[in-house]
Colleague: 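Below is one structure. I have some questions about it.
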Amino acid sequence: MYQIAQLNWTDSYETIVVGIGAADSIDEGLDTLFAGRVKALIQSGDLSTKTGEVTILPTFAGETTRVLFVGLGQRNDMTTENVRNWFGKVAKLIKVRGLKDVAVALDTFTDGAARMFTEAYEMATYAHPTYKSAPNETVEEPTITLLGDVDQTDIDAGVAYGKGVNVARTLTMMPANILTAETLADYAVELAKRHDFKYRILEKEEMEGLGMGALLAVNQGSTIPPKLIVLEYRGAEEEAPIAVVGKGVTFDTGGYSIKPKDGIVGMKGDMGGAATVLGLFETLGLTRPKRNVIGIIGATDNMISGDAFKPDDVITAMNGKTIEVLNTDAEGRLVLADAVTFAKTYEPKAIIDVATLTGGVLVALGTDVTGCLTNDDSLYRSLEAASRETNELVWQMPYFDVFIDKVRKSEVADLNNSPGRFGHMIFGGAFVGEFVGDTPWLHLDIAGTSERAAANDLGPKGPTGVMVRTLARMIESWER
């Protein structure tokens with residue numbers, strides 16, 4: 001799909017994509033395609049140099065049919081975020097117009113544009129799967145020629161990041177009667193075989209033997225057995241792994257603390273953390289960084305039946321701590337408690353958990369920022385640096401003793417799973433922190449960012465695949 005060539009304005013292409021800024025001098029070769037009239041087209045308003053505006057013009061001469069101009073505004077407008085979004089807009093236009101032979105003059109944009117273009121193209125042209133009786137039409141991929149001094153590794157990295165995001169999007173979109181704990185495990189095995197990862201799927205009996213009473217309590221009301229999914233990516237010889245743990249609740253009724261009818265719709269997406277882990281491993285399998293990474297997913301649904309766990313129950317987690325259940329809708333932290341404890345058996349140098357955990361993060365930070373808790377500021381700084389490159393915004397929430405003390409407050413158990421509504425995003429993370437111990441740890445609550453209500457330049461409405469790229473970048477650039 002992607003080719004590399006040097007820029008030659010006399011070559012024949014159906015469409016050339018060109019960036020043009022307000023203060024740019026006009027390239028002579030480009031001007032020749034328009035009989036020397038590019039400046040006049042700008043002055044007349046037929047060609048816009050305004051930031052992010054796209055203009056398509058037929059050529060007046062030469063072998064290329066048309067030029068797709070992207071307005072760059074002033075050159076200081078060319079942030080990584082802007083360029084990636086502009087390329088997303090271009091990618092969508094290529095798809096909508098059915099363009100088949102497109103060249104991109106990367107040197108008219110910025111350094112690193114090849115990676116940004118391929119990453120944006122993969123994400124922006126993605127369409128969610130549907131289950132309609134009429135099959136989707138198969139669309140032929142265009143030939144895209146990247147013009148300039150382009151490194152193939154940059155192209156491949158952009159594709160890998162985009163594909164990882166799209167894996168997470170697809171899984172999160174799947175309905176819960178199709179994507180169960182069992183089929184999620186099957187997908188993980190298929191992914192592992194495709195990329196030559198080690199894998200392990202723990203069944204219910206093994207979990208019982210390990211004493212995973214927290215995860216198993218959530219599963220009690222279900223007819224579908226739980227799975228603990230383990231993937232191992234080994235890219236380094238002697239190095240402790242990074243453990244990335246995902247919440248894989250394939251549907252959340254809230255249990256006996258049942259959700260209202262409006263709140264229960266969309267709960268197929270409560271496995272967004274698991275989707276992030278699997279999307280991350282898709283990217284790792286393609287980029288092969290020199291790191292060791294363990295992926296762990298606690299997979300179950302949270303259903304209501306005569307066997308389901310109840311408020312006031314006391315359960316025992318894998319590490320031996322007892323938990324008073326005050327809210328069966330605070331189930332994700334129970335799943336994570338045992339998954340994190342299991343992650344510690346690999347003696348990781350850091351644990352990162354990802355979960356659609358609380359509505360509280362939405363109240364605090366809205367739908368564009370992922371909330372974070374950490375016990376290690378340097379670990380958070382690594383995440384934050386990566387997030388600035390991907391434009392997946394993060395914010396560190398306070399992790400004070402006053403929050404931890406409330407999680408530890410119970411007359412009948414070591415911990416309670418729901419101290420109350422005020423501050424409950426932090427309570428959810430602080431609960432998971434009780435099972436981390438001294439291991440450097442990041443908790444990422446993606447309940448607000450895992451889905452978007454409207455399409456943007458980099459994809460459709462719905463699941464976003466958030467944190468796949470940020471975690472991949474963080475792992476890739478790890479210096480600890």
Colleague: Which atom pairs, one a donor and one an acceptor, fall under 3.5 Å between side chains of residues 244-251 and the rest of the protein, sequence neighbours left out?
Modeller:
residue: Lys247; atom: NZ; partner: Asp270; partner atom: OD1; Å: 3.0
residue: Lys247; atom: NZ; partner: Asp270; partner atom: OD2; Å: 3.0
residue: Lys247; atom: NZ; partner: Glu331; partner atom: OE2; Å: 3.3
residue: Lys247; atom: NZ; partner: Thr356; partner atom: O; Å: 2.9

Colleague: Would you mind listing every side-chain hydrogen bond (donor to acceptor under 3.5 Å, both in side chains) that reaches into residues 93-115, with sequence neighbours excluded?
Modeller: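 Those involving residues 93-115 are Arg115-Tyr161.
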Colleague: Which heavy atom in Val468 sits nearest to a heavy atom in Ala168, and how many Å separate them?
Modeller: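 Looking at all heavy atoms of both residues, the shortest contact is CG2-CB, 4.0 Å.
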Colleague: Do side-chain atoms of Asn85 reach the backbone of Asp457 as a donor and acceptor pair under 3.5 angstrom?
Modeller: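 No, the answer is negative, given that no donor and acceptor are paired below the 3.5 Å cut-off.
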Colleague: Ignoring hydrogens, what is the shortest heavy-atom contact between Asp353 and Trp441? Give both atom names and the distance.
Modeller: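 In this case the closest contact between Asp353 and Trp441 is OD2-NE1, 2.8 Å.
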Colleague: Do Lys349 and Glu239 meet the salt-bridge criterion of a basic N to acidic O distance under 4.0 Å?
Modeller: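 Lys349 and Glu239: salt-bridged.
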Colleague: So, does Thr253 use its side chain to make a donor-acceptor pair with the main chain of Asn302 at under 3.5 Å?
Modeller: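 Flag set: sc Thr253 to bb Asn302 pair under 3.5 Å.
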Colleague: Would a 4.5 Å heavy-atom cut-off, applied to side chains only, mark Trp478 and Leu379 as touching?
Modeller: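 Heavy-atom side-chain distance check passes, below 4.5 Å.
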Colleague: Heavy-atom distance under 4.5 Å between the side chains of Leu284 and Pro289, does that happen here?
Modeller: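 When only atoms from C-beta onward are counted, Pro289 and Leu284 do touch, with a gap below 4.5 Å.
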Colleague: Does atom NZ of Lys259 have more than 12 heavy-atom neighbours from other groups under 6.0 Å away?
Modeller: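 It does: Lys259 NZ has more than 12 such atoms within range.
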Colleague: I need the Leu184 CG to Ile229 CD1 distance, nearest 0.5 Å.
Modeller: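 It comes to 4.0 Å.
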Colleague: Looking only at atom types and distance, does a side-chain atom of Thr370 sit under 3.5 Å from a main-chain N or O of Glu392, one as donor and one as acceptor?
Modeller: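 Between the backbone of Glu392 and the side chain of Thr370 there is no qualifying donor-acceptor contact (under 3.5 Å).
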Colleague: Quick check: do Thr172 and Ser450 have side-chain heavy atoms less than 4.5 Å from each other?
Modeller: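 Answer no - side chains too far apart.
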Colleague: Taking it one step at a time, do Leu365 and Met425 satisfy side chain to side chain contact (heavy atoms under 4.5 Å, CB included)?
Modeller: CA-CA 10 Å; Leu365 299 175; Met425 179 266 161; over 6 Å; no
Colleague: Crowded around Arg421 CZ? As in, over 12 foreign heavy atoms under 6.0 Å?
Modeller: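 Open.
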Colleague: Locate the shortest heavy-atom distance separating Val18 from Val67; write the atom from each residue and the value.
Modeller: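 Closest approach of Val18 to Val67: CG2-CG1, 3.8 Å.
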Colleague: Asp186 versus Val189: any side-chain heavy-atom pair under 4.5 Å?
Modeller: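 No, their side chains stay 4.5 Å or more apart.
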Colleague: Checking side-chain polar atoms at under 3.5 Å, does Thr64 have a donor or acceptor matched by the opposite partner on Thr59?
Modeller: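 No - no donor-acceptor pair under 3.5 Å links their side chains.
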Colleague: Is a side-chain N or O of Arg291 found less than 3.5 angstrom from the main chain of Ile475, in a donor-acceptor match?
Modeller: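 Between the backbone of Ile475 and the side chain of Arg291 there is a qualifying donor-acceptor contact (under 3.5 Å).
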Colleague: Identify the heavy atoms of Leu231 and Leu278 that sit nearest to each other, and give their distance.
Modeller: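 What the structure gives for the nearest pair is CD1-CD2, 3.7 Å.
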Colleague: Mind jotting down which residue pairs meet the ring-ring contact (aromatic ring centres under 6.0 Å, His included) criterion with at least one end in residues 74-101? Sequence neighbours excluded, please.
Modeller: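 Checked against ring-ring contact (aromatic ring centres under 6.0 Å, His included) - neighbours excluded - the pairs reaching residues 74-101 are Phe87-Phe109, Phe87-Phe117.
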Colleague: Could you list the residues that satisfy salt bridge (Lys or Arg N to Asp or Glu O under 4.0 Å) with Lys268, not counting sequence neighbours?
Modeller: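 Lys268 satisfies salt bridge (Lys or Arg N to Asp or Glu O under 4.0 Å) with no other residue.
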Colleague: Quick one: which residue pairs count as a ring-ring contact (aromatic ring centres under 6.0 Å, His included) with a foot in residues 263-284, not counting sequence neighbours?
Modeller: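 Sorted result for residues 263-284: Phe197-Phe281.
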Colleague: Using every non-hydrogen atom in the two residues, find where Ala113 and Leu106 come nearest and quote the distance to one decimal.
Modeller: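 Residues Ala113 and Leu106, closest heavy atoms: CB-CD2, 3.8 Å.
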Colleague: Just by distance, do the side chain of Thr283 and the backbone of Ala160 share a donor-acceptor pair under 3.5 Å?
Modeller: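 At least one qualifying donor-acceptor pair exists.
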Colleague: Taking side-chain hydrogen bond (donor to acceptor under 3.5 Å, both in side chains) as the definition, give me every residue that meets it alongside Tyr126, ordered by chain and number, with sequence neighbours left out.
Modeller: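 Tyr126 satisfies side-chain hydrogen bond (donor to acceptor under 3.5 Å, both in side chains) with His128, Thr170 once adjacent residues are dropped.
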Colleague: Quiz question: by atom type and distance under 3.5 Å, do the side chains of Thr470 and Thr390 form a donor-acceptor pair?
Modeller: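 Yes.
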Colleague: Could you list all the salt bridge (charged side-chain N to carboxylate O under 4.0 Å, His left out) pairs where at least one residue sits in residues 138-152, not counting sequence neighbours?
Modeller: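 Every pair satisfying salt bridge (charged side-chain N to carboxylate O under 4.0 Å, His left out) with a residue in residues 138-152: there are none.
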Colleague: Filter on salt bridge (charged side-chain N to carboxylate O under 4.0 Å, His left out), then keep only pairs touching residues 120-135, sequence neighbours left out; what's left?
Modeller: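 Sorted result for residues 120-135: Glu122-Lys163.
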Colleague: Looking only at atom types and distance, does a side-chain atom of Asp445 sit under 3.5 Å from a main-chain N or O of Thr358, one as donor and one as acceptor?
Modeller: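 Between the backbone of Thr358 and the side chain of Asp445 there is a qualifying donor-acceptor contact (under 3.5 Å).
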Colleague: I'd like to check the side-chain hydrogen bond (donor to acceptor under 3.5 Å, both in side chains) partners of Thr118; sequence neighbours left out, ordered by chain and number.
Modeller: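 Counting only residues at least two positions away or on another chain, Thr118 forms no side-chain hydrogen bond (donor to acceptor under 3.5 Å, both in side chains).
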Colleague: Determine whether a donor-acceptor pair (N or O, by modelled atom type, separation under 3.5 Å) exists between the side chain of Thr374 and the backbone of Asp377.
Modeller: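 Not a single qualifying donor-acceptor pair exists.
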Colleague: State which residue, out of Val394, Asn375, Leu373, fulfils the side chain to side chain contact (heavy atoms under 4.5 Å, CB included) condition with Tyr380.
Modeller: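 By the side chain to side chain contact (heavy atoms under 4.5 Å, CB included) criterion, Tyr380 pairs with just one of Val394, Asn375, Leu373: Val394.
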Colleague: Is any side-chain heavy atom of Val54 less than 4.5 Å from a side-chain heavy atom of Leu68?
Modeller: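 Yes; the side chains approach each other to less than 4.5 Å.
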Colleague: Out of curiosity, Lys92 NZ to Met123 CE, how far, rounded to the nearest 0.5 Å?
Modeller: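 One finds 11.0 Å between NZ of Lys92 and CE of Met123.
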Colleague: Return the set of residues passing side chain to side chain contact (heavy atoms under 4.5 Å, CB included) with Phe422 (not counting sequence neighbours), or none when no residue passes.
Modeller: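 Scan of Phe422 (side chain to side chain contact (heavy atoms under 4.5 Å, CB included), adjacent residues dropped) gives none.
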Colleague: When you look at Arg66 and Leu99, which way does the side chain to side chain contact (heavy atoms under 4.5 Å, CB included) test go after all the steps?
Modeller: CA-CA 11 Å; Arg66 66 180 68 85; Leu99 303 180; 3.5 Å; yes
Colleague: Is a side-chain donor or acceptor of Asp252 paired with a backbone partner of Gly254 at a separation under 3.5 angstrom?
Modeller: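 A pair under 3.5 Å: yes.
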Colleague: From Thr80 OG1 over to Asn391 CG, what is the distance, rounded to the nearest 0.5 angstrom?
Modeller: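 Nearest 0.5 Å value for the OG1-CG distance: 9.0 Å.
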Colleague: If you round to the nearest 0.5 Å, how far is CG of Leu383 from CG of Leu442?
Modeller: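 CG of Leu383 is found 5.5 Å from CG of Leu442.
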Colleague: CD of Gln74 to OG1 of Thr51: how many Å apart, nearest 0.5 Å?
Modeller: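 That separation rounds to 7.5 Å.
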Colleague: Going from OG on Ser387 to CZ on Arg473, what distance comes out if it is rounded to the nearest 0.5 angstrom?
Modeller: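 Separation between the atoms: 12.0 Å.
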Colleague: side-chain hydrogen bond (donor to acceptor under 3.5 Å, both in side chains) with Glu119: which residues, sequence neighbours excluded?
Modeller: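 Here the qualifying residues are Arg84, Arg469.
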Colleague: Taking distance alone, no hydrogens or angles, what donor-acceptor pairs closer than 3.5 Å link side-chain atoms of residues 29-37 to residues at least two apart or in another chain?
Modeller:
residue: Asp31; atom: OD1; partner: Arg37; partner atom: N; Å: 3.4
residue: Asp31; atom: OD1; partner: Val38; partner atom: N; Å: 3.0
residue: Thr32; atom: OG1; partner: Glu28; partner atom: O; Å: 2.9

Colleague: Ignoring hydrogens, what is the shortest heavy-atom contact between Arg169 and Thr464? Give both atom names and the distance.
Modeller: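 The pair with the smallest heavy-atom distance is NE-O, 3.5 Å.
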Colleague: Any non-hydrogen side-chain atom of Leu147 less than 4.5 Å from a side-chain atom of Tyr13?
Modeller: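 Sidechains of Tyr13 and Leu147: in contact.
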Colleague: Do the non-hydrogen side-chain atoms of Ile294 and Val230 ever get within less than 4.5 Å of each other?
Modeller: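 Of all side-chain heavy-atom pairs linking Val230 with Ile294, at least one is under 4.5 Å.
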Colleague: Decide whether Thr65 and Glu14 meet the rule of one side-chain donor and one side-chain acceptor closer than 3.5 Å.
Modeller: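 On atom types as modelled, these side chains do not qualify, holding no pair under 3.5 Å.
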Colleague: Does Glu190 CD have over 12 foreign heavy atoms under 6.0 Å away?
Modeller: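 Yes, the 6.0 Å shell around CD holds more than 12 heavy atoms from other groups.
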Colleague: Heavy-atom distance under 4.5 Å between the side chains of Tyr2 and Gln152, does that happen here?
Modeller: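 They are not in contact (no side-chain heavy atoms under 4.5 Å apart), so the answer is no.
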